[in-house]
Amino acid sequence: MTFNISEFIRINRVYFIWAIFMGILYLFRDMFGLVFITFIMGFIVSSISHTLRKKYRLNRRCVVVVTYVLFLIGVIAFLTHVPPILLSETISFTEQLPQSIESLSNWFNNEFGDNEIIAPIVSQLKGSISPDTAVISAWNITRSALEKSIHYIGWFFLAILFSFLILYDLPKLSKGMRHLRFTKLAESYRETSDSVILFAKVVGENFRAQLIISAINTLLTAICLYFLKVKAISLLSTIVFMCGLIPVLGMWISSVPIILMAINSGGIELGLWALLMIIVIHMLEAYVLNPRIVSSVMHINPVMTLIILYIAHSMIGLWGMLLGIPCAVYIYRKISMPEK
């Protein structure tokens, strides 16, 4: 029996179409951050525009223009006032880090130094996290964050421009994409369009829900830090907001600098109060915010969330932590969908 490549491609056309689609994504992997930020901004502004138009019957383009103008004003105001404060607080935090770690180390020695079980663990932790290594690590993290910030700020403004142009002319762009059904790419369009739309919807809904939760967590944390009189509220709130975009795990990552700054501001007692604050806010997120916001969209167990985040981070790093959950939910929804 002779091998017919045309027949082989015809039979396996679905796999070839998806292989080509994934290959295109791989070729543009260096621009993935820009594409992702553009998509998220477009998804959020589109949702706002759709809600306002449905409620008040406003002109679509006017709503888009006004939304972006207000957003740009807010971004410019933020970049004008906040970065100098963040830089000052970051330098102060790094300088005070050895003192915070020393205070924490002394407290552990006083409380658990005589405990035969805990003492070896404390000693090992002290050896791995010394004040000198902590300062070096803090500066390395800060420098890396600043370098990446400059890169992502450029992407951010490009994403504003691209998402605005896309949304401003969205009806014509959508009409042009639907026209692919009548071209030589009709087979590829029919095979990939529904899946791409479903994936985009899952990612957009997940990230929008996570942004809302992160904003609420940041506000609650800032208020509590103010009443606890912990220094560097702007820096710590920024860390909480950024880490809040990572489900479940981000809350605990952001707790380390909060506790260290609280120890430096008011000793171990204030550090314990800060820990209690983090636990209460985390419980509020887990039992109030997640069930009402994320679970209504994702329907996923927190334990499964941690497993997915670990696997995704091991495979593709930070992007895995951001996209692991929506990818898993998309795959589950796709598998559970009834066949046509």
Side-chain angles (χ1 to χ4, degrees), residues 33-49 51-52 62-94 138 141-168 204 206-247 250-251 253-255 257-258 261 281 285 289 293 318-319 321-322:
L34 176 60
V35 174
F36 180 74
I37 298 171
T38 302
F39 165 72
I40 292 299
M41 291 193 62
F43 184 89
I44 293 173
V45 175
S46 178
S47 301
I48 295 171
S49 172
T51 303
L52 291 175
C62 288
V63 173
V64 170
V65 171
V66 171
T67 302
Y68 272 95
V69 168
L70 293 175
F71 181 73
L72 272 175
I73 292 172
V75 169
I76 292 170
F78 177 86
L79 292 177
T80 303
H81 296 92
V82 175
I85 299 173
L86 290 179
L87 182 59
S88 174
E89 291 183 352
T90 302
I91 293 171
S92 176
F93 174 75
T94 307
I141 292 170
T142 303
R143 187 178 67 250
S144 176
L146 288 173
E147 291 173 354
K148 289 182 179 179
S149 302
I150 295 171
H151 183 65
Y152 281 109
I153 286 172
W155 273 3
F156 180 72
F157 281 104
L158 276 176
I160 293 175
L161 175 62
F162 291 158
S163 60
F164 170 74
L165 294 174
I166 290 169
L167 289 180
Y168 189 78
N206 173 79
F207 210 78
R208 182 177 58 190
Q210 206 60 47
L211 275 172
I212 295 171
I213 290 178
S214 183
I216 295 173
N217 283 346
T218 302
L219 179 62
L220 292 174
T221 302
I223 294 170
C224 292
L225 291 175
Y226 174 79
F227 283 108
L228 289 174
K229 297 183 179 179
V230 177
K231 299 175 183 178
I233 294 177
S234 299
L235 173 64
L236 297 176
S237 299
T238 303
I239 293 172
V240 169
F241 181 77
M242 298 304 295
C243 291
L245 301 179
I246 303 171
M251 186 71 180
I253 295 173
S254 62
S255 65
I258 292 175
M261 183 57 76
I281 293 176
E285 176 188 348
L289 299 179
I293 300 174
L318 178 61
W319 284 113
M321 299 187 77
L322 291 174

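The structure presented is a predicted model; accordingly, all values stated were derived computationally and were not measured.
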Novice: Quickly, which of V64, V45, L161, T38 forms a side chain to side chain contact (heavy atoms under 4.5 Å, CB included) with I166? Name it, please.
Specialist: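 Running side chain to side chain contact (heavy atoms under 4.5 Å, CB included) over V64, V45, L161, T38 with I166 returns exactly one hit, T38.
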
Novice: So which atom in L34 and which in A159 form the shortest heavy-atom distance, rounded to 0.1 Å?
Specialist: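 Heavy atoms only, the tightest pair is CD1-N, 3.9 Å.
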
Novice: Which pairs count as ring pair (Phe, Tyr, Trp, His ring centres under 6.0 Å) when at least one residue sits in residues 211-242, sequence neighbours excluded?
Specialist: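 Found none.
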
Novice: Grab the two heavy atoms, one from L72 and one from F157, that are nearest each other, plus how far apart they are.
Specialist: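 That closest heavy-atom pairing would be CD2-CE2, 4.4 Å.
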
Novice: Please give me the minimum heavy-atom distance between S47 and R208, naming the atom from each residue.
Specialist: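 Nearest heavy atoms, S47 then R208: OG-NH1, 2.9 Å.
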
Novice: What I'd like to find out is whether the side chain of L236 reaches to under 4.5 Å of the side chain of T221, using heavy atoms alone.
Specialist: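 No, too far: nothing below the 4.5 Å cut-off.
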
Novice: Not counting sequence neighbours, which residues clear ring pair (Phe, Tyr, Trp, His ring centres under 6.0 Å) with F164? List them please.
Specialist: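 For F164 the ring pair (Phe, Tyr, Trp, His ring centres under 6.0 Å) partners, ignoring immediate neighbours, are Y68, Y168.
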
Novice: Give me the atom names and distance for the closest heavy-atom approach of Q210 to G244.
Specialist: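 For Q210 versus G244, the nearest heavy atoms are NE2-O, 3.0 Å.
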
Novice: Quick one: which residue pairs count as a side-chain hydrogen bond (donor to acceptor under 3.5 Å, both in side chains) with a foot in residues 231-244, not counting sequence neighbours?
Specialist: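 Qualifying pairs: none.
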
Novice: Suppose we screen for side-chain contact (heavy atoms from CB on, under 4.5 Å). Which residues come up paired with V82, at least two apart in sequence or across chains?
Specialist: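 V82 satisfies side-chain contact (heavy atoms from CB on, under 4.5 Å) with F78, L86 once adjacent residues are dropped.
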
Novice: Which value, rounded to the nearest 0.5 Å, describes the distance between L165 atom CG and I160 atom CD1?
Specialist: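 Going from the CG atom of L165 to the CD1 atom of I160 covers 12.0 Å.
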
Novice: Using 30° and 60° as the class boundaries, would you call the ring planes of F71 and F156 parallel, tilted or perpendicular?
Specialist: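 F71 and F156: tilted rings.
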
Novice: Atom CG in L167, atom CD1 in I44: separation rounded to 0.5 Å?
Specialist: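 Taking CG in L167 and CD1 in I44, the distance rounds to 11.0 Å.
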
Novice: Once rounded to the nearest 0.5 Å, what's the spacing between atom CD1 of I37 and atom OG of S163?
Specialist: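 These two atoms lie 10.5 Å from each other.
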
Novice: If I take atom CG from residue N217 and atom SG from residue C243, how far apart are they, to the nearest 0.5 angstrom?
Specialist: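 These two atoms lie 11.0 Å from each other.
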
Novice: What distance do L225 atom CG and M261 atom CE have between them, rounded to the nearest 0.5 Å?
Specialist: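 Interatomic distance, L225 CG to M261 CE, rounded to 0.5 Å: 10.0 Å.
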
Novice: Show your working on side chain to side chain contact (heavy atoms under 4.5 Å, CB included) between F207 and F36 and close with a plain yes or no.
Specialist: CA-CA 11 Å; F207 210 78; F36 180 74; 3.8 Å; yes

Novice: Partners of V69 by side-chain contact (heavy atoms from CB on, under 4.5 Å), sequence neighbours excluded?
Specialist: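 side-chain contact (heavy atoms from CB on, under 4.5 Å) check on V69 returns V65, I73.
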
Novice: Before giving the answer on side chain to side chain contact (heavy atoms under 4.5 Å, CB included), spell out for I281 and V240 the whole-Å C-alpha distance, their side-chain angles and the decisive distance to 0.1 Å.
Specialist: CA-CA 11 Å; I281 293 176; V240 169; over 6 Å; no

Novice: Of all the heavy-atom pairs spanning V63 and T67, show the shortest one and how long it is.
Specialist: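 Closest heavy-atom pair between V63 and T67: O-OG1, 2.6 Å.
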
Novice: Please round to the nearest 0.5 Å and tell me the distance separating atom OG1 of T218 and atom CD1 of I239.
Specialist: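 Answer for the OG1-CD1 pair, T218 versus I239, is 11.0 Å.
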
Novice: How about I258 and V230: do any of their side-chain heavy atoms sit closer than 4.5 Å?
Specialist: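 Of all side-chain heavy-atom pairs linking V230 with I258, none is under 4.5 Å.
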
Novice: Applying side chain to side chain donor-acceptor pair (under 3.5 Å), can you list everything that pairs with S88, at least two apart in sequence or on another chain?
Specialist: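 Testing S88 for side chain to side chain donor-acceptor pair (under 3.5 Å), a comparison that skips the adjacent residues, returns none.
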
